[in-house]
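Shown next, in structure tokens, is the structure this report addresses.
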Number of protein chains: 2
Amino acid sequence: MKKNIPTLKQIAENLELSVSTISRALNNNGSISDLTKKKVIEEAKRLNYVPNIIAKNFRDKRTKTIGVIVPNLMHSFTGTILKGILLETERIKYKTIICETNDNIEKEKELLNRMLEFGVDGILMSLSKFTTNLSPLLKVLEKKPIILFDKASDKIPCTQIVTNEVKGAFNAVEHLINIGKKRIAIIKEKQGSFNSEKRFIGYLKALDQYRYPLDETLIFDVSNTTIEEGELLGEYIVNLKEKPDAIFCITDSLAIGIIKTLNKYNIVIPIEIAVVGFSNSDSSRVIKPNLTTIKQSGYKIGKLAVKQLIEEMRSEKDFFSSKSIEVNTKLIVRESTFVL
Amino acid sequence: MKKNIPTLKQIAENLELSVSTISRALNNNGSISDLTKKKVIEEAKRLNYVPNIIAKNFRDKRTKTIGVIVPNLMHSFTGTILKGILLETERIKYKTIICETNDNIEKEKELLNRMLEFGVDGILMSLSKFTTNLSPLLKVLEKKPIILFDKASDKIPCTQIVTNEVKGAFNAVEHLINIGKKRIAIIKEKQGSFNSEKRFIGYLKALDQYRYPLDETLIFDVSNTTIEEGELLGEYIVNLKEKPDAIFCITDSLAIGIIKTLNKYNIVIPIEIAVVGFSNSDSSRVIKPNLTTIKQSGYKIGKLAVKQLIEEMRSEKDFFSSKSIEVNTKLIVRESTFVL
DNA sequence: AAAAGCTAGGCAAACGTTTGCCTAGCTTTT
DNA sequence: AAAAGCTAGGCAAACGTTTGCCTAGCTTTT
């Protein structure tokens with residue numbers, strides 16, 4: 001379908017004025033008489049004129065677009081962050097291009113370059129599970145600002161907006177200590193991701209601070225933080241002679257899997273074994289007993305990430321930075337640890 | 001930070017060739033000798049040249065961008081559709097701008113116009129709950145193609161890609177009939193949304209086909225399809241003298257709420273009351289008993305929507321259409337209806 | 001009344017790319 | 001040997017917008 005899309009030129013011709021006058025009238029800059037302004041605005045409306053954003057971008061040498069790269073859009077915490085990002089970018093009239101890596105490192109690298117080609121002004125990014133090769137990131141960082149959020153890395157010299165993982169995990173374990181638990185286990189990732197490692201540190205810190213001895217047999221590793229892996233590991237745990245009396249799972253999914261198995265073997269939660277998760281997912285209120293968990297403010301992280309990015313885009317400095325903003329968490333106590 | 005971003009002109013000067021030759025060499029069109037091509041490519045690599053996508057867009061008068069408008073990014077079915085959309089757009093090297101309306105009609109209207117300003121080539125859209133004023137949509141449709149998905153409307157003259165809601169609901173109810181249930185209730189939305197209405201039709205159709213009498217007292221309305229509303233309505237239902245022996249809920253959330261309340265009153269599912277949901281959400285496998293539900297292929301819908309949009313963008317015709325593509329569902333039988 | 005200042009709007013260039021048309025100087029055909 | 005064809009690359013325009021600089025023709029100041 002061929003459309004005759006109205007341009008400034010068209011309006012100018014209809015009104016027998018110059019293109020620059022039209023531009024100035026519509027953008028309200030330069031000295032244009034009120035009468036002319038009025039006529040221009042009317043004619044623009046009559047023609048259904050919409051400024052050609054592509055031309056404007058071209059002239060301004062920027063797209064007012066930011067790129068967002070996440071491993072998995074459907075991960076519930078990521079979803080909350082995206083909501084924060086969208087709300088904030090929309091407020092400042094920026095566009096947001098979202099991509100998924102599915103934790104595929106090759107794809108991550110490709111998307112990073114694709115973002116440059118797409119002409120984004122900056123990038124918000126949550127790293128794939130095991131991003132090891134940092135050079136693609138560093139290369140992009142020479143041209144455009146990048147802010148890492150949630151799944152970050154201490155090794156990349158750019159601003160990071162993350163949950164205070166250590167403190168969150170600390171609070172979770174402290175809570176288990178407070179309700180009188182003695183043998184507190186942790187389930188973490190085998191190949192420590194950023195989040196897993198930090199949460200593990202929080203676990204260790206809490207034990208240390210409360211003079212709990214570190215018991216290696218209470219540290220469990222899984223390769224995937226899914227419900228199924230939780231269930232499977234649960235089978236192993238219920239068969240131990242010396243069971244833990246509390247389990248801190250680094251994700252809600254793992255915790256749900258564990259609870260499912262404990263339920264199956266009629267182990268009473270939280271009396272026999274208490275369970276804590278991390279994330280406050282939707283399902284944490286569906287599982288029976290309801291799951292005690294750590295609530296992270298994804299919304300806040302998203303919003304901060306955008307603000308920070310805009311700031312760096314406007315700055316005249318280069319984009320290397322070691323700034324790290326940590327957002328606090330909140331312990332949500334539910335049935336899985338609630339004892340009178 | 002001021003950057004000296006390399007352009008075709010720069011390469012041309014360094015190599016003492018014309019800009020057009022550089023363009024042709026890099027894009028491999030026009031007749032350029034292999035030697036020249038090689039030199040150009042080398043120099044481009046040396047300068048770290050990235051084509052200026054903004055200029056390219058400007059010249060081509062298109063952005064290779066599609067806009068996606070959804071009510072809520074975090075709704076799990078929407079998430080699956082978005083994944084389908086992202087995978088497909090990425091494959092064809094298109095960008096995707098995603099926005100959320102939060103079921104706010106004003107915002108929906110604004111975003112629609114924002115999309116035009118953003119210069120998208122086409123729009124994929126899932127309607128807000130109660131979009132009544134169709135004129136903003138029609139206005140956009142005069143300029144750019146729109147494809148509606150999931151939350152569609154029979155009243156809008158554009159292509160729609162939706163779940164076969166009627167058939168899905170029909171299968172759900174048919175399944176309840178097959179397991180011997182006699183008093184089959186439905187929980188739907190008070191102010192019928194597109195999906196709610198269609199699912200209700202499926203319910204009616206199944207009753208009709210199996211000669212079940214229509215019992216108005218078995219039709220329940222809620223104003224929100226949340227877990228909480230399900231729980232609340234559950235309280236009402238368990239107190240009825242004449243209870244249903246099966247409940248078809250038009251969403252998984254409602255079904256989960258119902259199950260929670262039934263569990264609370266120790267009503268045995270599915271013997272006393274069977275429950276079916278719609279969507280196959282994550283939580284449907286977390287609730288105990290696991291929920292029987294209707295699986296929709298969001299991935300397929302997303303992919304189809306993109307394909308259809310691209311087709312319409314390329315077409316020379318106008319963008320009005322009454323095409324409707326329905327994607328089939330699958331009944332997933334779990335504990336909440338499973339009887340031997 | 002001459003000079004200075006102001007108001008309203010025009011001219012033209014620039015952003016980086018692609019492409020239709022052109023042509024010099026070969027090579028091949030008759 | 002003249003004509004035709006081909007190869008490799010150049011010229012210049014175009015996309016729509018914004019903006020620095022300019023100026024005609026007023027009005028105000030001295």
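Keep in mind that the numbers below use all heavy atoms, side chains included, and drop hydrogens, waters and symmetry copies. Note on naming: letters A, B, ... go to the chains in the order of the sequence lines (proteins, then strands), and numbering restarts at 1 for each one.
Side-chain nitrogen and oxygen atoms of B:N27 include at least one within less than 4.0 Å of the OP1 or OP2 phosphate oxygen of C:dT18. Proximity of A:S23 to the phosphate of D:dG16: no side-chain N or O atom is located under 4.0 Å from OP1 or OP2. At the phosphate of D:dG10, OP1 or OP2 sits under 4.0 Å from a side-chain N or O atom of B:S18. Phosphate proximity of C:dT17 to B:Y49: present, with a side-chain N or O under 4.0 Å from OP1 or OP2. Look at B:N29 and you'll find a side-chain N or O under 4.0 angstrom from OP1 or OP2 of C:dT19. Contact between the side-chain N/O atoms of B:S20 and the OP1/OP2 oxygens of D:dA12 is not found at any separation under 4.0 Å. Within the structure, every side-chain polar atom (N or O) of A:S33 is placed at least 4.0 Å from both OP1 and OP2 of C:dT7.
Atom CG of B:N28 and atom P of C:dT19 are 13 Å apart (whole Å). Atom NZ of B:K37 and atom P of D:dT7 are 12 Å apart (whole Å).
The closest side-chain heavy-atom distance from B:E90 to A:E100 is not below 4.5 Å.
Between B:K107 and B:E110, none of the side-chain N atoms (NZ, or NE/NH1/NH2) sits under 4.0 Å from a carboxylate O, so this pair counts as no salt bridge. One finds no salt bridge joining B:E142 and B:K139 here, because no Lys/Arg side-chain nitrogen approaches an Asp/Glu carboxylate oxygen to under 4.0 Å.
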(request) Could you provide the dot-bracket string of DNA chain C, using ( ) for intrastrand pairs, [ ] for crossing pairs and | for bases paired to another strand, with Watson-Crick or G-U pairs below 3.5 Å? (result) ||||||||||||||||||||||||||||||
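Taken residue by residue, residues 56-63 of chain A places heavy atoms nearer than 4.0 Å to DNA chain D at A:K56, A:F58, A:R59.
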(request) Dump the intermediate steps for side-chain contact (heavy atoms from CB on, under 4.5 Å) on B:V68 and B:T89, then the final yes or no. (result) CA-CA 11 Å; B:V68 179; B:T89 48; over 6 Å; no
